[in-house]
Amino acid sequence: MRCSKCLLCLSALLTLLGLKVYIEWTSESRVKAYPEPQGTLPGPTATSAEPTLPANLSARLGQTGLLPSAYWNQQQWRLGTLPSENSTEPGGCQAWGAAAAAEIPDFASYPEDLRHFLLSAACRRFPQWLPAGEDSQVASCSSTNVPYLLLAVKSEPGHFAERQAVRETWGSSAPGIRLLFLLGSPVGKRGPDLRTLVTWESHHYSDLLLWDFLDVLYNQTLKDLLLLTWVGQHCPDVNFVLQIQDDAFVNIPALLGHLQALPPTWARSLYLGEVFTQAKPLRKPGGPYYVPGSFFDGDYPAYASGGGYVIAGRLAPWLLQAAARVAPFPFGDVYTGLCFRALGLVPRGHSGFRTAWPADHTIDPCTLRDLLLVRPLSPQDTIRLWRQLQSPKLKC
Ligand SMILES: *[C@@H]1O[C@H](CO)[C@@H](O)[C@H](O)[C@H]1NC(C)=O
Ligand SMILES: *[C@@H]1O[C@H](CO)[C@@H](O)[C@H](O)[C@H]1NC(C)=O
Ligand SMILES: *[C@@H]1O[C@H](CO)[C@@H](O)[C@H](O)[C@H]1NC(C)=O
């Protein structure tokens, strides 16, 4: 009698233990699976190729039911009905962050980088970083030399080898192609002072767009927004802009072939890449890409992975207008997805964009020939692949 009770107790304990292991395992695999596609989002169904920005963004961004109390959702509700010109914060850009800190009950428990992001998230105008007494080293697109495709590579000051590998391989000069690197300040917070080296590089190659903000992951959206501003002012007629990380490899001929074959209505409003639909925020404190429930409630919009995606150049001013009315979000690619959704445009997926190539699978040149973009790669692998691809002996 007593022993059967023991047995019951033991089996209950074992079941609980099993359940705990299972829950931990599923939350682990969710982290690894970010950002896993999971079906299609009931987003904007309009297939119109023309961007529009309605006076009230709430319906576009799915804010129709009961409004959650999360800070982002509340801010978006307010911002989504303001005219663009009224959307700058009264009291300067720091006000948004200060208000967020005061209004989010568990702000103090947020990870440090998220707290830093929120405190300065509304500060989006930064001057270019220039070596003392210099003008910009980067030339505007001249009217006689408008690129078809601008390669806008997000790098960071210390990534000298990554940039050089891109210059010597897929980013090497070709008709209709322009290469630029997007960087924050070479004066890091705790890192070495890279001013002299970056200044030399900027003089030598004239392909660095540098801005005076801290170059950290959660400041990537600044690179997107400042790039769009630059494109609007200095290269407004570029057909396409590829926004990409410096550890990617692009099959330029295949990408050009694909772009040139697009139906004109798609090309006009292009947002192309590896598309995730119905990705959800990760809720594991301490895990990567953690988003607290008190900050954001809901699913992510359909978006193209930030590893590399192509947009139509003419959308630059539209995206900037949308960004003025979409509340700041820490992940650049999700934020871009939100801005496109605000404009009523949908991302187009292409299976040739492979932005999370498994580390235990090497990429061989024959596989790459059928892809448009793959990452991450070391500078050494980039050089190796390039040489193999150029070799007349390559047989696939
Ligand atoms: C904006 O649209 C939402 C959803 O359609 C609606 O509930 C809300 O009242 C609108 N806001 C304004 C200020 O018109
Ligand atoms: C927007 O700004 C204009 C001019 O600065 C002002 O007259 C108007 O009341 C503002 N609208 C809102 C909704 O704050
Ligand atoms: C982004 O850069 C700005 C300006 O340098 C800085 O104030 C802010 O803290 C940075 N953001 C993060 C998340 O560190």
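Computed from a predicted model, the values in this text were never measured in an experiment.
Below 30°, between 30° and 60°, or above 60°: for Trp386 and Phe249 the angle between ring planes is between 30° and 60°, a tilted geometry.
Applying the salt bridge (charged side-chain N to carboxylate O under 4.0 Å, His left out) rule to Arg314 yields the partners Glu50; only residues at least two apart in sequence or on another chain are considered. Residues satisfying the ring pair (Phe, Tyr, Trp, His ring centres under 6.0 Å) criterion with Tyr205, sequence neighbours excluded, are absent altogether. Shown here are the salt bridge (charged side-chain N to carboxylate O under 4.0 Å, His left out) partners of Glu162, two or more places apart in sequence or in another chain: there are none.
Under the 4.5 Å side-chain heavy-atom criterion for grouping Ile, Leu, Val, Met, Phe, Trp and Tyr, Leu385 is connected to Val153 within one hydrophobic cluster. Linking ILVMFWY residues whenever their side-chain heavy atoms come closer than 4.5 Å, directly or via other members, places Leu262 and Leu255 in the same cluster. Clustering ILVMFWY residues whenever any of their side-chain heavy atoms sit less than 4.5 angstrom apart, transitively, puts Leu319 in the very cluster that holds Val231. A continuous path of ILVMFWY side-chain contacts below 4.5 Å connects Leu373 to Val166, so both sit in one hydrophobic cluster. Under a hydrophobic clustering in which Ile, Leu, Val, Met, Phe, Trp and Tyr are joined whenever their side-chain heavy atoms come within less than 4.5 Å, directly or via other members, Val241 and Leu259 fall into different clusters.
Distance alone, capped at 3.5 Å, is enough to place a donor-acceptor pair between the Arg325 side chain and the Ala55 backbone. Listed for the Thr169 side chain is a donor-acceptor partner under 3.5 Å among the backbone atoms of Ala165. Using modelled atom types, no side-chain atom of Tyr218 and backbone atom of Gly332 make a donor-acceptor pair closer than 3.5 Å. At least one donor-acceptor pair under 3.5 Å links the side chain of Asp215 to the backbone N or O of Gly184.
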Under 3.5 Å donor-acceptor pairs involving side-chain atoms of residues 351-360, not counting sequence neighbours:
unit_1	atom_1	unit_2	atom_2	d
Thr355	OG1	Glu274	OE1	2.7
Thr355	OG1	Ser305	OG	2.8
Trp357	NE1	His361	O	2.8

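Using a 3.5 Å distance cut-off with no hydrogens or angles, the side chains of Asp364 and Thr367 do pair a donor with an acceptor.
Taking CG of Leu209 as the reference point, atom OG of Ser155 lies at 12.0 Å (rounded to 0.5 Å). Taken from CD1 in Ile383 to OG in Ser378, the straight-line distance is 9.5 Å, to the nearest 0.5 Å. To the nearest 0.5 Å, atoms CG (Leu242) and CG (Leu180) are separated by 12.0 Å. For the atom pair CG of Asp297 and CD of Gln74, the computed distance is 10.5 Å after rounding to the nearest 0.5 Å.
Listed by first then second residue, pairs satisfying side chain to side chain donor-acceptor pair (under 3.5 Å) with a partner in residues 224-243 read Ser140-His234, Lys154-Asp224, Asp224-Gln243, Gln243-Tyr309, not counting sequence neighbours. Applying the salt bridge (Lys or Arg N to Asp or Glu O under 4.0 Å) test to residues at least two apart or on different chains, the pairs with a partner in residues 165-175 are Arg167-Glu201, Arg167-Asp207. Within the structure, side chain to side chain donor-acceptor pair (under 3.5 Å) contacts touching residues 387-396 (residues at least two apart or in different chains) are Arg384-Gln388. Residue pairs meeting the salt bridge (Lys or Arg N to Asp or Glu O under 4.0 Å) criterion with at least one partner in residues 96-118, sequence neighbours excluded, are absent. Under the ring pair (Phe, Tyr, Trp, His ring centres under 6.0 Å) criterion, the residue pairs touching residues 101-128 are Phe107-Tyr110, Phe126-Phe213, with sequence neighbours excluded. Within the structure, side chain to side chain donor-acceptor pair (under 3.5 Å) contacts touching residues 182-198 (residues at least two apart or in different chains) are Asp193-Arg195.
With a 4.5 Å cut-off on side-chain heavy atoms, Val291 and Trp72 do not count as touching. Between Leu61 and Ser58, the closest side-chain pair of non-hydrogen atoms is not below 4.5 Å. Contact check for Gln63 versus Asn73: side-chain heavy atoms found under the 4.5 Å cut-off. For the pair Trp129 and Thr199, the minimum side-chain heavy-atom distance is below 4.5 Å.
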- Item | CA sep, side-chain torsions, deciding dist, call: Leu210, Leu130, side chain to side chain contact (heavy atoms under 4.5 Å, CB included) | CA-CA 7 Å; Leu210 293 144; Leu130 298 170; over 6 Å; no
- Task: Would you check, one step at a time, whether the test side chain to side chain contact (heavy atoms under 4.5 Å, CB included) holds for Arg341 with Tyr303?
- Result: CA-CA 9 Å; Arg341 195 170 169 187; Tyr303 69 95; over 6 Å; no
- Item | Residues Phe276, Tyr300; criterion ring pair (Phe, Tyr, Trp, His ring centres under 6.0 Å); working and verdict | CA-CA 9 Å; Phe276 300 116; Tyr300 289 154; over 10 Å; no
- Output, in order, the C-alpha distance, side-chain angles, deciding distance and verdict of side chain to side chain contact (heavy atoms under 4.5 Å, CB included) for Cys141 and Arg178. CA-CA 9 Å; Cys141 302; Arg178 172 91 189 262; 3.7 Å; yes
- CA sep, side-chain torsions, deciding dist, call: Leu194, Val187, side chain to side chain contact (heavy atoms under 4.5 Å, CB included): CA-CA 6 Å; Leu194 300 175; Val187 190; over 6 Å; no
- Task: Step by step, work out the ring pair (Phe, Tyr, Trp, His ring centres under 6.0 Å) result for Tyr71 and Phe295.
- Result: CA-CA 5 Å; Tyr71 191 74; Phe295 175 64; 7.0 Å; no
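Alongside Trp77, the hydrophobic cluster contains Leu67 (criterion: ILVMFWY side chains under 4.5 Å). Taking Ile, Leu, Val, Met, Phe, Trp and Tyr as hydrophobic and joining them when side-chain heavy atoms fall under 4.5 Å apart, one finds Val216 in a cluster with Leu214.
Only one option out of Ile177, Val238, Leu256 pairs with Tyr148 in a side chain to side chain contact (heavy atoms under 4.5 Å, CB included); it is Leu256. Across Phe296, Tyr290, Tyr289, a single residue satisfies ring pair (Phe, Tyr, Trp, His ring centres under 6.0 Å) together with Phe331, and that is Tyr289.
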